[in-house]
Structure formats: C-alpha cells, structure tokens
Novice: 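Okay, handing you the structure first.
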4 protein chains.
Amino acid sequence: MQNSSLPYKGIIPPLVTPLINNDTVDIEGLERLVAHTIAGGVHGVFILGTTGEFAGLGQKLRKELIERVCLLVKGRVPVLVGITDSAFSESLNLARTAADCGADAVVLAPPYYFASGQPELLEYLKQIMEQMPLPLFIYNMPVHTKVFFAPETVKAAAEIPGIIGMKDSSSDLAYYKRVQYALRHRKDFTFMIGPEEFLAEFVLTGGHGGVNGGANMFPRLYVELYNAAVNRNFDKLALLQQKVMQISTTIYKVGSYGSSYIKGLKCALSVMGICSDFLAAPFHRFNKPEREKIEQMLDELDYKSLL
Amino acid sequence: MQNSSLPYKGIIPPLVTPLINNDTVDIEGLERLVAHTIAGGVHGVFILGTTGEFAGLGQKLRKELIERVCLLVKGRVPVLVGITDSAFSESLNLARTAADCGADAVVLAPPYYFASGQPELLEYLKQIMEQMPLPLFIYNMPVHTKVFFAPETVKAAAEIPGIIGMKDSSSDLAYYKRVQYALRHRKDFTFMIGPEEFLAEFVLTGGHGGVNGGANMFPRLYVELYNAAVNRNFDKLALLQQKVMQISTTIYKVGSYGSSYIKGLKCALSVMGICSDFLAAPFHRFNKPEREKIEQMLDELDYKSLL
Amino acid sequence: MQNSSLPYKGIIPPLVTPLINNDTVDIEGLERLVAHTIAGGVHGVFILGTTGEFAGLGQKLRKELIERVCLLVKGRVPVLVGITDSAFSESLNLARTAADCGADAVVLAPPYYFASGQPELLEYLKQIMEQMPLPLFIYNMPVHTKVFFAPETVKAAAEIPGIIGMKDSSSDLAYYKRVQYALRHRKDFTFMIGPEEFLAEFVLTGGHGGVNGGANMFPRLYVELYNAAVNRNFDKLALLQQKVMQISTTIYKVGSYGSSYIKGLKCALSVMGICSDFLAAPFHRFNKPEREKIEQMLDELDYKSLL
Amino acid sequence: MQNSSLPYKGIIPPLVTPLINNDTVDIEGLERLVAHTIAGGVHGVFILGTTGEFAGLGQKLRKELIERVCLLVKGRVPVLVGITDSAFSESLNLARTAADCGADAVVLAPPYYFASGQPELLEYLKQIMEQMPLPLFIYNMPVHTKVFFAPETVKAAAEIPGIIGMKDSSSDLAYYKRVQYALRHRKDFTFMIGPEEFLAEFVLTGGHGGVNGGANMFPRLYVELYNAAVNRNFDKLALLQQKVMQISTTIYKVGSYGSSYIKGLKCALSVMGICSDFLAAPFHRFNKPEREKIEQMLDELDYKSLL
C-alpha cells in the first residue's frame with residue numbers, strides 16, 4: 001500500500017468471525033464470507049473489530065484468523081487488522097503477526113479496562129508506534145472503551161508517524177464534526193465511520209467511507225450507497241438509504257441486550273448460508289423464535305435482490 | 001483449602017504487580033512485597049486484580065506471576081488469582097495455570113469489552129464453571145466492566161457448584177446491602193469488599209473482610225482495623241479508621257486520572273523501598289513533583305509507625 | 001431551633017405528598033400521615049424532597065404544602081422543607097414561605113437541569129445563603145441532579161454561615177466516608193443519609209441519622225433501628241435490619257422504572273389506609289395487579305406488628 | 001399558522017434570555033436581539049429553550065419573556081415557546097400564557113428531575129395534550145433530561161393530535177436516523193436539529209432545519225448554510241460550514257464546564273453590543289480574561305463580515 005493511495009476510501013466491512021466454537025474458526029464459513037464481500041465490491045476488509053468479536057477471542061485464535069484472512073484475500077483488497085487489547089504487549093504481538101502475514105494496516109482502540117486520560121492516551125499511541133510494524137488507524141469506540149479520543153488528541157495523533165487514519169464509531173455527530181474540522185488540513189488522513197445509518201451524510205460532506213457491519217451481509221448495497229453519495233446521486237441515495245435503515249431497525253433489533261446487533265448479524269449470515277452463527281462467550285446465538293424472526297425480516301427485505 | 005474453612009475471612013490484599021517494564025516482573029520487588037504483606041498478618045493474597053494491573057499485562061507475564069507468587073507464598077496463606085479476561089479461553093488458561101501452581105481460588109469479573117445482560121452473565125458463569133479447576137469468587141467491578149452482577153444474579157451464581165464467594169468493589173451501599181440480604185442463608189459464601197474506606201462498617205455488620213489496596217503498604221493497619229471491627233472495639237476502630245481515611249484522601253489523590261490510585265500506591269511502595277513503581281502501559285509512574293508529594297504524605301502519616 | 005441542639009439526630013422521614021390530583025393536596029391523607037409519623041417517634045419531618053415528588057409539583061401546591069404541614073406539626077418536631085428548584089428565584093421564594101410558616105430548616109439540592117461544576121456549585125451556595133432566611137442542609141442526590149457535591153465542596157460549604165448539615169442520597173460508600181472524614185472537626189454539622197438499607201452502619205460509625213422513605217410507612221421500625229445502632233445493640237439491630245431489607249427488596253421493587261420506589265411506597269400507604277396513592281405527572285399509581293402484590297408483601301411483612 | 005404551512009422549515013434560533021439580574025429582563029437587549037435575528041432572515045424564534053436558560057428562570061420571568069417576545073415579534077415569524085418544567089402544572093401554565101400572547105407553538109422536553117420510562121413519557125404526552133392550547137414540538141435533550149424519547153415513542157407521539165414536530169439535540173446520529181426513518185411517512189411532521197455543527201448534513205438528507213444557538217450571533221450565516229444545503233450548493237456549503245465549525249471550536253469552548261457554551265454565546269453577544277452577558281444562577285458571566293479571548297475569537301472570525 002503506497003502513500004500515494006491514501007486516504008483509504010470506500011466500504012471496508014468489519015468482518016464477523018465465523019466460529020465453530022470458542023476456540024475454532026469456521027474455516028469454510030470464513031472462506032465464503034471473504035469471497036462474498038470481495039465479490040460485492042468492498043474496498044478492503046477489517047478483521048478483529050468489535051463486530052469481529054475480537055475481545056471474546058483468545059490470542060491464538062486471533063493469530064490464526066489473521067493468517068487465514070490474509071491468505072484468503074491474497075492482496076485483492078487491503079486487509080486491516082484489529083489489534084486492540086487491554087495489554088500493550090498483546091497488541092504489539094498481534095501487529096507483528098499482521099505484518100508477517102502481509103496485512104496492510106492495523107486498527108487500535110484504547111485499552112478498555114482501566115479508562116485513560118487524554119494525555120495518557122496520546123502517550124500510549126506514541127509509545128506503541130515506536131515499535132509498530134504497520135500503518136495504524138485509531139479506533140474511537142467509547143461505548144465499549146469508556147473513553148473518547150478527544151478531537152485535540154486525534155489532531156496530535158495524526159502527527160505521529162505511522163498513524164494514517166481513524167475509524168469513529170461514537171455515533172456522536174458534534175464529535176465527529178469537530179474531529180473532521182481538526183483534521184481539515186490533513187487530506188491524506190483517512191476518516192471512516194462505523195454507524196452505517198449515517199454513511200450517506202458522512203460521505204456527502206467529505207468522509208472517506210464506512211466500516212459498516214451490514215456489508216457482511218450485503219456488501220453491494222453499502223458499496224452502491226457509498227457510490228451514490230460520492231456521485232451526489234440523491235435519488236438513488238434515498239432509495240438505498242431506506243434499505244439500510246430497514247436493516248438497522250429489524251435485523252439488529254431482535255434481541256434484548258447490547259449483543260443483539262452481532263447476534264442478528266451472525267444469524268442472518270447463517271440463514272443466508274454464508275457462515276455459522278456461533279458467538280464467542282459470553283454470548284450465544286439466537287434460538288429458534290429469534291431465528292424465525294430474522295428469516296422473516298430477510299424475506300421482507302427481499303434480500304436476494306440486495307446480493 | 002477445606003470447605004470447613006469457608007467462608008474466607010480477613011484482609012486479602014490485591015497485590016500490585018511489581019514491574020521492571022511492560023514485559024518483565026520486578027522479581028526482587030515481588031519477593032519483598034509478598035514477604036511484607038505476609039509479615040503484616042494478611043489472611044491471603046490476591047494477584048492479578050485491578051490493583052495488580054491485570055488488564056495491562058500480557059498472558060505470558062500473567063502466568064509467570066502466578067507461578068512466582070505461588071512459589072513465594074508456599075502455602076502460608078491462600079493465594080487467589082484473578083482470571084478476568086475479555087476472552088473465555090484466556091480466563092480458562094489462567095485458571096489452569098493457577099491450579100497447576102497450587103493456587104487456592106480464582107477471581108473473575110465479567111468480560112469487560114462488550115457489556116453483557118444479566119442472563120448472559122449467569123450463563124457465562126455456568127459455562128465457565130463446567131471446566132473450572134478451582135473454586136471461584138465473582139468480582140463485581142462495574143466502573144471498569146460497565147456491568148453489575150445484579151443481586152438476583154449473585155444469588156443464582158452462589159448456587160453454581162464451585163462458586164464460593166464474591167468481591168464487591170462497586171462502592172454502592174444499597175447494592176451491597178441487597179447482595180448481603182440475598183445471601184443471608186448462605187453462611188459459607190464469602191463476601192468481601194474492595195473499598196477500604198468502608199472496611200469497618202462492612203465487617204461490623206457481617207461482612208467477611210476486605211480486599212484492600214492499602215494493605216500492600218500497611219498490611220498491619222488493615223488487619224488491625226479488621227480485628228477491631230470483629231471485636232467491636234469502637235475506640236480502636238475510630239483511631240485506625242482515621243489513618244485509613246488519611247491514606248485514601250492523600251496517597252490515592254495525587255494524580256489527575258482514574259489511574260491515580262494505582263500510581264500513588266506504587267509510588268508509595270517505591271518510596272518505602274518495597275518495589276518498583278513502573279506501571280504497565282498505558283500508564284506511567286509519577287514524575288518527581290508527584291513523588292515528592294507522596295514522600296511528604298508518607299511522612300505526615302508517620303508511616304513507619306504503621307508498619 | 002437553638003444551635004445548642006445541633007447536630008440534628010434521628011429519623012426524619014422524607015414525607016410523601018398525598019395528592020388527589022396534580023394540583024390538589026389530599027388533606028385528610030396528609031393529616032393522617034403527619035399524625036402517623038409523629039406517633040411513630042420520628043425526630044423531624046422533611047417535606048418536598050425526592051420522595052415528596054417536589055419536582056412534579058407546581059409552585060402554588062408546594063407553598064400550600066409547606067403551610068399545611070407546619071400547621072399540622074405545630075412545633076412538635078422540626079420541619080425541614082425542600083426548596084430545590086432549577087430556578088434560584090423559586091428556591092428563595094420557597095425558603096421565604098418556609099420561614100413565614102415557622103419551618104426549622106430548608107434542604108437544597110443542586111439546580112438539576114444544567115449540570116454545574118464544583119466552583120459553580122459553591123458560588124451558588126454562597127450567593128443563595130446571602131438571602132436565605134433559614135438554616136440550610138445541602139442535599140446530595142446525583143442520580144437525579146447529575147452532579148455530586150464533591151467532598152471538598154462540602155467542606156467549604158460547611159463554612160458558609162447558615163449551612164448546618166447535609167443529606168447524602170448518593171449511595172456511594174467511598175464518597176460518604178470521604179465527606180465524613182472531611183467534616184471530622186465539625187461536630188455540630190449534621191450528616192444524614194438517605195438510603196435506609198444502610199442506616200445501621202451509618203449510625204454505628206458516627207452518622208447522625210436517616211432521611212428514610214420507609215419511615216412514612218413504619219416510623220417506629222426506623223426509629224428503633226436508629227436506637228439500636230446508637231446503643232450498639234447488635235442483636236436487635238440485625239433483626240430490625242432484616243425487616244428493612246425485606247421492605248427494600250419487595251415494596252420498592254414492584255414496578256419497572258425509576259419511579260417504582262415512590263409508586264410502591266404510596267401504594268403501601270394507600271393499602272394501609274393512610275393516604276391516597278395518586279402520583280404527580282408524569283407518573284401514575286400502580287394498577288390492580290401491582291397493588292395486589294403490595295398487599296401480599298405487606299402481609300408477608302406482618303406489617304401491623306411494625307406499626 | 002395554518003396546517004398548510006407544515007412542516008416548519010429553516011433556522012429557528014433558540015434565543016438567549018438577556019438579563020440584568022436573576023429576576024430582571026434586559027429589555028433593550030431583548031429588543032436588539034429580536035431585531036437582529038429577524039433582520040438576519042431567521043424563519044422563527046424559539047424562547048425558553050436550553051440556550052434561553054429556561055430552567056434557571058422563575059415562572060414570573062418566564063411569563064414576562066413570553067409576553068415581551070410575542071409583542072416584539074408581532075407575527076413577523078412564528079414564535080415557539082419552551083414550556084419544559086419538572087412540574088406538569090407549570091408547563092401547562094406556561095402554555096396558556098403562550099397561547100394568550102399569540103405564540104405559534106410550544107416546545108416540551110421530558111420532566112427532568114425524576115427520569116421516566118418510555119411508556120410513562122408517552123402517557124405524559126397524551127395527558128398534557130388533552131389540555132394543550134397550542135401545537136407542540138417534543139424536545140429531545142438527553143444530556144440534561146437523562147432520557148431519550150425512543151424512536152418508537154416519537155412515532156407514537158407523532159400520532160397524538162397537536163404534536164406537530166420534534167427538536168432533537170441528542171447529537172446521536174444513529175438515533176436521529178432511526179427517528180427520521182420512523183417518521184418517513186409523516187411529511188407534515190417537522191424534524192429539526194439542535195447541534196449546528198451538523199445542520200448541513202441534516203438538511204441535505206431531508207431534515208427541516210436547525211434550532212441553532214449560533215444564530216443568535218450570526219443569523220445570516222446559519223440561514224445561508226441552510227439555503228446552501230437546500231439548494232445542494234456544495235461549494236458554498238463547505239465554505240459556510242468552516243465558519244460554523246470555527247465558531248463551535250472557539251466561542252463555545254472558552255470555559256471549563258458544561259455551561260461554557262452559553263457563557264461564550266452570551267459573552268459574544270455582549271461584545272457585539274447586542275445584549276447583556278448576565279447569566280441566571282448558578283452560572284456567571286465570563287471574567288475579563290475569558291472575555292478578551294472571546295473578543296479575539298470574534299476578530300479572527302472577521303465577525304462583521306458575517307452579520
């Protein structure tokens with residue numbers, strides 16, 4: 001990946017991690033998932049993010065996943081690897097594995113047990129970048145990590161060599177606008193957004209793309225929405241946006257807890273024949289009644305038309 | 001450890017983890033710390049808790065620490081081992097290491113990245129206990145894990161074979177009273193509290209003891225306060241309680257962030273010549289001005305009288 | 001009320017506000033409630049607190065209530081009047097009414113719409129005390145006001161002429177211990193606690209008493225628990241404490257929302273024939289199924305034995 | 001205001017409340033402010049919102065303000081009146097005053113002391129609408145009220161006769177997209193947004209306009225930004241958006257607390273000669289150093305070019 005190709009643009013799905021059980025990758029499911037998303041036109045893949053249940057996976061399985069995905073993708077699109085961990089050493093270990101396997105970049109959220117102050121966060125980034133073998137995206141995910149990268153911290157982080165972009169999953173619009181403004185002179189710095197409900201607005205006003213979970217299921221839909229926004233094709237955008245909202249308010253809302261989003265997503269992928277719906281502990285796949293709801297929701301989406 | 005000795009009682013300090021750097025234990029510091037606390041009369045030691053910076057330590061170092069502490073303690077007091085991790089597999093790995101090394105029990109907080117619902121938490125406990133080689137304490141630490149074990153969940157968890165106790169660090173008094181009430185028929189179930197400011201009240205009304213960070217520095221002080229409460233010696237209790245509050249409002253309050261407590265504690269241990277004050281990333285030891293404050297605070301405590 | 005009688009001690013129930021509808025006091029209910037609590041031996045009454053639904057009552061009704069209660073109490077016990085309001089002027093208006101009616105003190109939580117910083121809070125107290133016609137308690141209730149009075153703020157506030165005490169309803173035990181420690185040289189400064197689950201421990205170690213909602217129903221129970229704690233009668237204390245916990249885990253837990261506590265309390269008072277269970281908007285009394293649960297819970301409490 | 005003119009569209013500034021002291025309106029300042037904003041082309045004015053410090057104002061002053069503003073505006077643009085109060089009765093009183101004075105609509109956030117559940121919120125809206133003399137906007141302001149109107153609640157509320165629109169100040173983008181989607185069949189239902197940083201994106205994709213605090217200072221800037229978004233004039237939009245972000249990251253960020261936004265806004269209005277910068281208790285105007293910063297920031301904005 002040359003600097004000439006920065007910033008990254010487009011749709012980079014945060015891949016789910018297909019699992020047979022807590023310690024075993026669903027290898028065939030993973031192959032189908034990679035093939036499915038790349039066939040759908042995505043501009044990269046991101047593994048070991050929140051949607052990829054990184055936090056519930058042992059270090060060994062994380063490394064296996066990095067190896068397998070890099071082999072499966074074979075350089076067709078960039079591979080981004082989540083290295084977030086509450087332990088500095090484990091994050092570095094994962095980054096080294098990613099580099100060894102030929103991944104393109106890594107993605108790092110703040111250590112997520114003991115919340116850090118902003119100067120602590122910035123110092124942490126400086127320190128880890130000294131040994132970082134790959135370009136890095138910072139990953140803002142306050143609902144899980146309990147801390148924001150403040151706009152000033154992002155601005156300072158963007159000056160650290162090797163930090164090339166940011167994924168913001170805060171869903172906070174005043175925040176994201178302030179980050180965007182703080183970075184206005186850094187045309188090479190990638191700024192991506194997590195919440196897919198908002199992809200269109202984000203790209204219309206300069207955002208580089210989306211790391212959207214729904215693109216596991218319907219990569220083409222999100223790629224087309226991205227393109228409609230880039231081309232300011234408002235009619236098409238409105239149409240596609242309705243589908244995205246239909247997904248967001250159905251598939252992701254079946255269960256009762258914070259984990260509902262991933263449960264719904266994995267269940268839908270299982271219904272679609274792509275991969276197993278096993279979830280890493282402490283979570284569990286949907287039971288039959290919820291699965292039947294997902295089936296019905298997919299029907300109502302006329303989902304085959306979206307593939 | 002026989003069931004006849006349940007519940008656990010007394011002061012079980014959550015040991016800090018003496019470090020040379022992110023990946024290296026301060027072995028001599030660890031030896032002195034174990035010797036110091038046992039000499040001070042503690043009733044057990046707890047490693048790899050929040051105070052032990054477990055979340056910032058790589059899996060390899062965690063295992064090394066378990067081995068070393070078990071060897072150093074040599075069965076003189078029970079060793080409790082924190083196995084909290086966001087990944088189920090890593091928690092089990094740590095538990096197996098603890099069992100192999102002869103530890104007495106393990107301590108588990110909820111997975112701390114993706115917050116769980118109460119039924120998910122209970123199911124998680126059931127599932128992990130099926131393979132758990134040691135008795136287990138549940139560890140309520142909502143400020144870091146974002147979830148409480150609800151009183152009903154604690155009550156149900158206490159019925160799972162192998163779960164023998166709870167450490168509550170919520171600092172929520174209505175909560176702890178409800179848990180205590182829910183457990184009123186379970187005389188064998190250990191109930192310990194984290195916040196040392198409150199040790200006296202807790203023990204006066206039936207709590208079994210404290211997992212108090214300050215006992216790293218002054219094990220005898222906390223043991224004596226525990227004894228004063230058990231014996232309802234109110235005059236002595238009031239006197240010792242003042243010292244505990246003086247520590248709480250000085251040593252732990254020097255810095256600006258959530259990490260101040262551990263920074264102050266490790267700095268004081270370093271000033272006292274016990275162990276290194278290195279902190280695992282993303283945190284850093286105090287600089288000279290803060291260290292000088294700690295030195296002065298220790299003087300004002302007349303700390304040698306507390307040893 | 002002479003300074004010689006400071007600090008206040010004992011049980012001062014936060015009276016519910018008996019209502020016929022949003023704008024009309026249930027006058028007979030109010031008479032019975034005042035008679036019932038005073039007959040139960042309470043050491044004062046506190047009106048227009050959280051339990052008194054102050055925030056849901058119009059200014060006119062608040063003033064009517066102050067007048068009526070002062071007349072009903074006729075100086076038999078001190079009357080404390082909540083003057084919390086998001087508007088400075090309305091708080092002062094209420095204080096003046098309280099003074100005119102012969103109330104003994106007022107109680108003030110922070111303005112509760114726009115959260116204040118600590119220096120703003122302290123300045124606010126100084127400013128309002130310049131015109132305050134009665135002694136004042138500060139009221140820490142962060143779940144509703146979104147801000148704590150920090151221990152340092154309490155310490156500084158205790159130096160403002162006219163501020164004579166504090167009621168803490170935070171349920172945060174490390175906090176309350178720090179406040180208690182900060183006030184250790186102020187023997188005349190009243191420190192009361194809201195959560196009744198914790199009354200015993202609080203009084204055992206120097207707290208002055210409780211502003212406990214359950215004392216609307218069972219004033220004698222809370223007064224006896226207070227006395228048991230003062231007298232360090234641990235056997236009696238344990239027995240009474242069980243009743244308090246039984247109430248806390250039944251009557252207050254019937255509904256689904258934050259308002260369940262007040263709904264349960266008012267419903268029980270209605271079942272007991274004391275006053276109406278009408279709640280000020282936006283809340284509503286329990287329907288029949290919930291009322292039947294409350295009836296059963298009162299039976300299980302053998303509630304007539306508690307009167 | 002005829003139904004034929006629904007939805008409301010454009011920029012409706014939430015007017016600050018010019019004050020001489022806690023109980024006295026800065027009448028001349030108010031006149032200038034109304035004249036200034038109407039001259040700037042705003043599509044309505046909204047008084048007694050968060051920016052208008054409603055919560056810090058006594059009921060009497062709120063009523064005086066309603067009267068004065070309706071007289072000053074004289075029907076040139078719609079007047080929206082905030083009636084949020086923790087007491088149902090006071091909200092209704094304010095609504096009646098608004099109706100008597102000829103205001104066009106009222107705006108209501110949830111009761112903000114005791115947090116409500118969603119069914120309680122919906123019931124509250126139904127109940128208050130039975131007596132409501134004017135059309136009503138619901139006002140989502142969770143940072144201050146502690147509760148969201150859930151998308152399903154908004155959808156149900158939009159079916160209650162008289163509820164004609166919503167102002168969302170949550171700054172939560174996934175939330176606002178879900179509300180927008182829930183309302184997609186209600187073309188007559190006004191949907192406005194508070195955070196001005198986001199006005200452009202909101203209007204580009206169907207939002208009706210902004211209730212933006214900055215329009216107190218620079219009404220023309222926000223009106224032009226609104227028009228650029230309506231006309232999809234992306235070049236102009238980008239230019240104006242930079243100014244809005246410059247304001248947001250300077251004027252609103254001078255102080256240290258949550259109140260900084262209002263302090264900065266009122267200070268700037270004072271520097272511009274429009275009205276007094278007095279703030280209702282518990283807040284205070286900026287001191288000289290902060291005021292000098294605001295002066296410099298206004299210079300750097302080349303603010304006279306924005307008028």
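Per chain, numbering begins at 1; letters A, B, ... match sequence-line order.
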Novice: Got D/L173 and A/F202 here, is their nearest side-chain heavy-atom distance under 4.5 Å?
Specialist: no

Novice: Enumerate the inter-chain donor-acceptor pairs under 3.5 Å for chain D and chain A, one line per pair.
Specialist:
| from | atom 1 | to | atom 2 | distance (Å) |
| --- | --- | --- | --- | --- |
| D/S171 | O | A/L173 | N | 2.7 |
| D/S171 | OG | A/D172 | OD1 | 2.9 |
| D/S171 | OG | A/A174 | N | 3.0 |
| D/D172 | OD1 | A/S171 | OG | 2.9 |
| D/L173 | N | A/S171 | O | 2.8 |
| D/A174 | N | A/S171 | OG | 3.0 |
| D/Y176 | OH | A/E201 | OE2 | 2.9 |
| D/K177 | NZ | A/E201 | OE2 | 2.5 |
| D/R178 | NE | A/S248 | OG | 3.2 |
| D/R178 | NH2 | A/E197 | OE2 | 2.8 |
| D/R178 | NH2 | A/S248 | OG | 3.2 |
| D/E197 | OE2 | A/R178 | NH2 | 2.8 |
| D/E201 | OE2 | A/Y176 | OH | 2.9 |
| D/E201 | OE2 | A/K177 | NZ | 2.5 |
| D/E201 | OE2 | A/T205 | OG1 | 2.8 |
| D/T205 | OG1 | A/E201 | OE2 | 2.8 |
| D/S248 | OG | A/R178 | NE | 3.1 |
| D/S248 | OG | A/R178 | NH2 | 3.2 |

Novice: Salt bridge (charged side-chain N to carboxylate O under 4.0 Å, His left out): which pairs involve residues 206-215 of chain D, sequence neighbours left out?
Specialist: none

Novice: Using non-hydrogen atoms and a 4.5 Å limit, figure out which bit of D/A174 sits close to chain A: side chain, backbone, both or neither.
Specialist: both

